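Computed from a predicted structure; not experimentally measured.
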Amino acid sequence: MQNHAGSAPQGFPLDVADVQDLKDARIAYGFPVYTVDPTDLLAGRRELKAMAKPTGIWRFVVTLNEQPIGLATVEQVNGKWETVAYGATVLAKDLDAAMTAYGNADRSNVRVLRIYQAQSDFLEVSSAQNGAARFAPLHSARQSLLLQRKAAGDGLLDASELLEPLRAAVKKNLESAR
């Protein structure tokens with residue numbers, strides 16, 4: 001903050017107009033990140049919810065005046081938890097809106113699912129009645145899978161609506177990486 005008084009430097013990873021605002025920034029809440037093995041996804045042996053496994057990565061929403069300005073990514077490095085990245089402003093804002101819309105008070109009914117090989121993030125929302133999961137596609141999923149938010153109803157998608165676009169994206173991205 002001493003070296004960059006005033007406006008944030010070009011490419012700054014958090015959405016602040018002035019680096020001095022960082023003194024008022026807060027860590028709001030954190031969540032573990034889950035993913036799905038691409039082999040499992042392509043094989044389609046189980047429900048999407050059952051395929052999700054923890055990555056060992058945690059992300060924390062960084063806020064300023066109770067508004068999300070980015071995420072802090074934390075993971076174990078040589079046995080110690082360390083913040084390894086800041087950024088993801090668009091994801092932070094989209095995720096926070098989805099958490100507010102679909103999460104219960106302690107956010108125990110939601111989890112963040114990142115399908116790396118499809119470059120897609122989702123908020124998985126479990127039903128209190130039957131435990132079934134539905135999914136809110138976040139910005140990256142809407143972009144990479146060309147998904148639209150549902151205008152009617154609760155805006156959530158069933159796993160069956162996601163599996164084919166996910167499989168196609170994963171298959172394409174894995175093939176192009178070879």
Side-chain angles (χ1 to χ4, degrees), residues 1-36 52 54-125 134-151 154-157 162 165-166 169-170 172-173 176-177:
M1 288 193 300
Q2 292 173 354
N3 294 339
H4 296 285
S7 63
Q10 183 72 24
F12 195 73
L14 300 174
D15 186 17
V16 293
D18 186 324
V19 292
Q20 295 299 315
D21 291 339
L22 292 176
K23 69 183 182 323
D24 297 321
R26 301 286 179 258
I27 300 296
Y29 57 89
F31 50 89
V33 177
Y34 290 78
T35 195
V36 172
T55 62
I57 296 170
W58 279 72
R59 297 192 94 180
F60 293 84
V61 175
V62 181
T63 62
L64 178 62
N65 301 320
E66 299 184 21
Q67 297 302 308
I69 60 170
L71 296 174
T73 302
V74 177
E75 55 186 75
Q76 282 195 331
V77 178
N78 298 323
K80 293 182 179 180
W81 288 98
E82 293 185 19
T83 304
V84 296
Y86 288 97
T89 299
V90 172
L91 176 59
K93 291 176 182 187
D94 198 22
L95 179 65
D96 190 62
M99 288 275 199
T100 299
Y102 303 113
N104 58 19
D106 63 358
R107 297 181 184 86
S108 62
N109 69 320
V110 294
R111 63 183 179 173
V112 175
L113 183 60
R114 168 165 274 189
I115 311 294
Y116 292 96
Q117 296 79 7
Q119 302 168 341
S120 298
D121 297 298
F122 300 90
L123 184 67
E124 178 187 289
V125 182
R134 298 183 72 215
F135 300 85
L138 300 174
H139 179 77
S140 59
R142 293 191 307 271
Q143 294 294 315
S144 67
L145 304 177
L146 303 175
L147 296 172
Q148 299 298 316
R149 285 189 174 149
K150 280 187 160 179
D154 61 9
L156 298 174
L157 300 173
L162 299 176
L166 275 172
V170 167
K172 176 183 167 199
N173 289 336
S176 70

Review point. Quick one: does Thr35's side chain have a donor or acceptor within less than 3.5 Å of a partner on Arg114's backbone?
Key: yes
Review point. Around Glu82, counting heavy atoms of other residues, nucleotides and ligands shown, do more than 12 lie under 6.0 Å from its CD?
Key: yes
Review point. When you look at CZ of Phe12, are more than 12 heavy atoms from neighbouring residues, nucleotides or ligands closer to it than 6.0 Å?
Key: yes
Check your understanding: Are the side chain of Asn109 and the backbone of Tyr102 linked by a donor-acceptor contact shorter than 3.5 Å?
Key -> yes
Review point. Rounded to the nearest 0.5 Å, how far apart are CG of Leu162 and CZ of Phe122?
Key: 5.0 Å
Point to revise | Sub-4.5 Å side-chain heavy-atom contact between Ser140 and Val90 | key: no
Check your understanding: Do the ring planes of Tyr29 and Phe31 sit parallel (below 30°), tilted (30 to 60°) or perpendicular (above 60°)?
Key -> tilted
Practice item. Keeping the roles fixed (side chain from Asp94, backbone from His139), state whether a donor-acceptor pair exists under 3.5 Å. Key: yes
Check your understanding: Is there a donor-acceptor pair under 3.5 Å between the side chain of Ser144 and the backbone N or O of Ala118?
Key -> yes
Check your understanding: Is any side-chain heavy atom of Ile69 closer than 4.5 Å to a side-chain heavy atom of Thr63?
Key -> no
Check your understanding: Does the side chain of Leu71 come within less than 4.5 Å of Val62's, by heavy atoms?
Key -> no
Review point. So, Asn65 side chain and Gln67 main chain: donor-acceptor pair closer than 3.5 Å or not?
Key: no
